[in-house]
Amino acid sequence: MESVSLKTIFERISDVVCTCFPDIKAEDFVVGAPPSLDLGDVAVPLFSIAKRLRRPPVVIAGELSASAPIGGFIESAAAAGPYVNFKLNRNVVGAEIIGEIIRSGGCWGSNNTGAGKKVLIEHTSINPNASPHVGRGRCAMIGDSITRLLRFEGYDVEVHYYVNDMGRQIGLLVLLADELRQLTFAQILDAYVEANKRAEEEPEFARRGYELLAKIEEGDEETQRKFHAVTALCLKGQLAVLERLGVSYDVFDRESRYVTDSRLDIVERALTEKGALFTDEDGRRVVDLSKLGYEPEEGRYFVLRRANGSSMYGCRDLVYSIDKHERGASLNLMVLGEDHKLYAQQLALMLEAAGIPAPEVVYYAYILLKDGKMSTRQGKVVLLSDFLDQAAALALERVREQFPDIASEEQHAIAEQVAVSAIRFAVLRVRPNKNVTFDMDAALSFQGDTGPYIQYSCARIRSILRKHKEPIPQAPDSSFKVETDAEWMLLMKLAAFPQVVADATAQRVCAGIANYALELAHAFTAFYHECPVLTADDESVRRARIFLCRATLQTLGNALHILGIETPERM
RNA sequence: GCGCCCAUAGCUCAGUUUGGAUAGAGCGCUUGCCUCCGGAGCAAGAGGCCGCAGGUUCGAGUCCUGCUGGGCGCGCCA
């Protein structure tokens, strides 16, 4: 990805301040926006500089405003108490911003910080026992968007999906599947619930489940085949739903592959050396994490093996972590529910004891429903497929009304894109560490602060560009004109995009990009209602506005691409 | 009990990483706007001790401490 970085307006003002006060460095102060456009376009508060120079802020403000270079991109500099407000030459700055956006195209906004770096990310990894609900989808959408973000930043990203194809639950499911003649994806959840119920009621059933586990650990091929059949069926159904959301994976790692992996020795040896591994009075192999620097009493012990020698989930996860590490990515990421926080910390301690760096984890909190928590077993869930079906049906009605003449196939494609946009945007705009209450009706309304609203802005721009028949120059020139505040605010918003992407990358959170896209769409719609584009009287104004449309579409498109949202030509 | 996360308008959320001028959207409510580029829209109004109490600072929604309320977790589930 080509790296063309527009030095932001803030950075340029920052340079001006540094030139004015040679003893002051850029990190000594912050540059921001004034509370109102009437005051100026860029503001510098002078408190911190004043402190360093041991002179009152008001005096410093006077000095700065007097010595700032007027002309070029700065139109004026005015002291306002302890602040200096700069007004910029809108035509000059505007033409630069637009030129940069048009030149960079699909790369606009990328800071290219990932060039030459490899990332391994693991996310979703749903237990193969049910159709995914929006809570599980939160993980998939967060992981997928981080993937898209990092790729946008130039990283080489490989996406992994860990398939929990063994364990007690799957064993029970296999038992039940044996009794039923044929199991379909739609029946899996019922079967899963039934299997767990049976295990509670019939000790014999539960015992046979553990027997299967022991068999698979011995490498019994018949058992492995059965486990594989059940989990493959389920995985296939889950992936179909995730694919609708635009989420995809590069590599599937099956848990069963790691069950007899000798690399567990690496960790066990290290733990033994540190005196952290012991056999307890019941014969279990247990890790005492306090020997590894873990302080609280709660969560201090971690069981690796049952008394009968069979391994716990953590064993396979340790090996899997080693396996991922050995693939040599410079960044090893995973997305986990916050319920796994302690567990992941425990694993990290054990891995690090063996000299293996633990993956970096992005945690997300649960999505709640208005009437409380989701529960798969109680059927109190919003299934992703149900949501998408309902949303697409509503969107299809709208599209048919609006565009009765276009092919049915395209109508359906648009409806699907709108449905995906609605759910992805609703989930991604919220920071992952927050519990959110999912409101089905709000998510289906497509009005206000939603994905479809942003898509709609794009469709409007496309409509204008379709109707604009005059040839347009490649880039704006010196005739570029900014006439109104609405155009200027749109330009300022456009210029902020690379920094938004940089912040999101550093934090590994895409919520800022979603909220930025929303603000940009609002800025565009305000401009759209106030400023005629195709019917503007002045030719240079008309041309400038066409450029604003193109630049906005490019920026919204790039932002939505990171979020995994398409921008239909019409909707 | 111990640990981690969260608390902003009636509701759903931005803003907190890196402290700066009057705390922002949307939904819902009230009122306008389609002879004009797409009304999935725009403009305006009402609605806030930013959970509570201290502290740091010239300045706190933002940083620190305590408390309250909610979420999550804490030895043979995965």
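Quick note: numbers below take in every heavy atom, side chains included, and nothing from hydrogens, waters or symmetry partners. Residue numbering restarts at 1 for every chain, and letters A, B, ... go by the order of the sequence lines.
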Quiz item: Does Tyr301(A) stack onto the base of rG75(B), taking stacking as ring centres under 5.5 Å apart and planes under 30° apart?
Solution: yes
Practice problem: Select base, sugar-phosphate, or nothing to describe what Val430(A) touches, counting heavy atoms under 4.0 Å on all strands. | Solution: sugar-phosphate
Self-check item: Residue whose nearest RNA chain B nucleotide is more 5′ - Gln346(A) or Gly512(A)
Solution: Gly512(A)
Quiz item: Looking only at atom P, what distance separates rC63(B) and rA14(B), rounded to whole Å?
Solution: 15 Å
Practice problem: Name the orientation class of the two ring planes belonging to Tyr343(A) and Tyr313(A) (parallel below 30°, tilted from 30 to 60°, perpendicular beyond 60°). | Solution: tilted
Exercise. Pick the P atom in rU62(B) and in rU16(B), then give their distance to the nearest Å.
Key: 12 Å
Quiz item: How would you label the contact of Asn85(A) with the nucleic acid (heavy atoms, under 4.0 Å): base, sugar-phosphate, or nothing?
Solution: base
Quiz item: Using atom P of each nucleotide, how far apart are rA43(B) and rA60(B) to the nearest Å?
Solution: 33 Å
Self-check item: Side-chain (Asp28(A)) to main-chain (Lys25(A)) donor-acceptor, under 3.5 angstrom
Solution: yes
Exercise. Could you state the atom-to-atom distance from CD of Gln447(A) to P of rC13(B) in whole Å?
Key: 19 Å
Quiz item: Which nucleotide, rC72(B), rC58(B), rG41(B), lies nearest any side-chain atom of Tyr366(A)?
Solution: rC72(B)
Practice problem: Based on the glycosidic angle (syn within 90° of 0, else anti), state the conformation of rC58(B). | Solution: anti
Practice problem: Please determine, for the side chain of Thr437(A), which listed nucleotide (rC6(B), rU12(B), rA21(B)) has the closest atom? | Solution: rU12(B)
Exercise. Could you work out the separation of rC5(B) and rG48(B) based on their C1' atoms and round it to a whole Å?
Key: 25 Å
Exercise. Look at the aromatic rings of Phe387(A) and Phe438(A) and report parallel, tilted or perpendicular, splitting at 30° and 60°.
Key: perpendicular
Quiz prompt | Gap between atoms CG and P, on Asp503(A) and rG15(B) respectively (whole Å) | solution = 11 Å
Exercise. Examine the side chains of Gln447(A) and Thr450(A) and answer whether a donor and an acceptor come within less than 3.5 Å of each other.
Key: no
Quiz item: Of the nucleotides rC72(B), rA25(B), rG15(B), which has the atom closest to the His522(A) side chain?
Solution: rA25(B)
Self-check item: Centroid-centroid under 6.0 Å between Phe425(A) and Phe446(A) rings
Solution: no
Exercise. Assign Asp439(A) to base, sugar-phosphate, or nothing according to its heavy-atom contacts below 4.0 angstrom with the strands shown.
Key: nothing
Quiz prompt | Short side-chain N/O contact to rC72(B) OP1/OP2 from Lys373(A), under 4.0 Å | solution = yes
Quiz item: Among rA40(B), rC58(B), rC37(B), which nucleotide sits nearest the side chain of Phe446(A)?
Solution: rA40(B)
Practice problem: Could you work out which one of rA25(B), rA40(B), rA21(B) sits closest to the side chain of Met571(A)? | Solution: rA40(B)
Quiz item: Using centres under 5.5 Å plus planes under 30 degrees as the test, is Phe47(A) stacked with rG20(B)?
Solution: yes
Practice problem: Please determine if a side-chain N or O atom of Tyr528(A) lies less than 4.0 Å away from the OP1 or OP2 oxygen of rC36(B). | Solution: no
Self-check item: Distance between P atoms of rG10(B) and rG54(B) (Å, rounded)
Solution: 23 Å
Quiz item: Which part of the nucleic acid, if any, lies within contact of Arg285(A), taking any heavy atom under 4.0 Å across all strands shown: a base, the sugar-phosphate backbone alone, or nothing?
Solution: nothing
Quiz item: Taking only N and O in the side chain of Arg429(A), is any of them less than 4.0 Å away from OP1 or OP2 of rU12(B)?
Solution: no
Quiz item: Can a donor-acceptor pair be found between the side chains of Thr525(A) and Tyr453(A) at a distance below 3.5 Å?
Solution: yes
Quiz item: Phe438(A) near the nucleic acid: base, sugar-phosphate alone, or nothing, with a heavy-atom cut-off under 4.0 Å?
Solution: nothing
Practice problem: Report the nucleotide, chosen from rA43(B), rC72(B), rG26(B), that has the shortest atom-to-atom distance to any side-chain atom of Ala526(A). | Solution: rA43(B)
Practice problem: Return no unless some side-chain N or O of Lys434(A) is found under 4.0 Å from OP1 or OP2 of rA14(B). | Solution: yes
Quiz item: Using 4.0 Å as the upper bound for N to carboxylate O, is an ion pair formed by Lys341(A) and Glu338(A)?
Solution: no
Quiz item: Among side-chain atoms of Gln507(A) and Arg431(A), is any donor-acceptor pair under 3.5 angstrom?
Solution: yes
Quiz item: Does NZ or CZ of Arg198(A) lie under 6.0 Å from the centre of the six-membered ring of Phe205(A), at an angle within 45° of the ring axis?
Solution: yes
Distances under 3.5 Å between nitrogen or oxygen atoms of protein and nucleotides 76-78 of chain B:
from	atom 1	to	atom 2	distance (Å)
rC76(B)	O2'	Arg306(A)	NE	2.6
rC77(B)	OP2	Tyr210(A)	OH	2.8
rC77(B)	O2'	Gln169(A)	NE2	3.1
rA78(B)	OP1	Arg168(A)	N	3.0
rA78(B)	OP1	Arg306(A)	NH2	3.4
rA78(B)	OP2	Arg306(A)	NH2	3.4
rA78(B)	O3'	Glu255(A)	OE1	3.4
rA78(B)	O2'	Asn127(A)	OD1	3.1

Quiz item: Reckon Val30(A) touches a base, only the sugar-phosphate, or nothing at all at heavy-atom distances under 4.0 Å?
Solution: nothing
Quiz item: Sequence neighbours excluded, which residues qualify as side-chain hydrogen bond (donor to acceptor under 3.5 Å, both in side chains) partners of Arg508(A)?
Solution: Glu360(A)
Exercise. From the options rA14(B), rA21(B), rG38(B), select the nucleotide whose nearest atom is closest to the side chain of Ala43(A).
Key: rA21(B)
Self-check item: Rounded distance in Å between the C1' positions of rG20(B) and rC37(B)
Solution: 41 Å
Quiz item: Between atom CG in Asn435(A) and atom P in rC72(B), what is the gap in whole Å?
Solution: 7 Å
Quiz item: At under 4.0 Å, does any side-chain N or O of Arg462(A) touch on OP1 or OP2 of rG38(B)?
Solution: no
Exercise. Would you mind classifying the nucleic acid contact of Ala426(A) as base, sugar-phosphate or nothing, using non-hydrogen atoms under 4.0 angstrom?
Key: nothing
Quiz item: Are Thr567(A) and Arg462(A) close enough that a side-chain donor and a side-chain acceptor fall under 3.5 Å?
Solution: yes
Quiz item: Which part of the nucleic acid, if any, lies within reach of Ser463(A) when heavy atoms closer than 4.0 Å are counted: base, sugar-phosphate only, or nothing?
Solution: base
Quiz item: Taking atom types as modelled, is there a side-chain donor on Tyr366(A) or Asp339(A) under 3.5 Å from an acceptor on the other?
Solution: yes
Quiz item: Is RNA chain B part of any stem, that is, at least 3 consecutive Watson-Crick or G-U pairs with both distances under 3.5 Å, and where?
Solution: B:1-7 with B:68-74, B:10-13 with B:24-27, B:29-33 with B:41-45, B:51-55 with B:63-67
Quiz prompt | Shortest side-chain distance from Lys467(A), nucleotide among rG38(B), rC74(B), rA21(B) | solution = rG38(B)
Quiz prompt | 5'-most by nearest nucleotide on RNA chain B - Val399(A) or Gln507(A) | solution = Gln507(A)
Quiz prompt | Ser310(A)-Asn308(A) side chain donor-acceptor pair, cut-off 3.5 Å | solution = yes
Exercise. Select base, sugar-phosphate, or nothing to describe what Cys531(A) touches, counting heavy atoms under 4.0 Å on all strands.
Key: base
Practice problem: For rC49(B) versus rA7(B), give the span between their C1' atoms, rounded off to a whole number of Å. | Solution: 15 Å
Exercise. Starting at atom CE of Met350(A), determine the distance to atom P of rG75(B), rounded to an integer number of angstrom.
Key: 13 Å
Quiz item: Do Arg285(A)'s NZ or CZ and the ring of Phe278(A) fall within the cation-pi criteria of under 6.0 Å and 45°?
Solution: no
Self-check item: Lys341(A) side chain, from C-beta outward: closest of rA40(B), rC4(B), rA21(B)
Solution: rC4(B)
Exercise. Pick the C1' atom in rC77(B) and in rG70(B), then give their distance to the nearest Å.
Key: 26 Å
Quiz item: If you look at every strand shown and take non-hydrogen atoms under 4.0 Å, does Ala511(A) touch a base, only sugar-phosphate, or nothing?
Solution: nothing
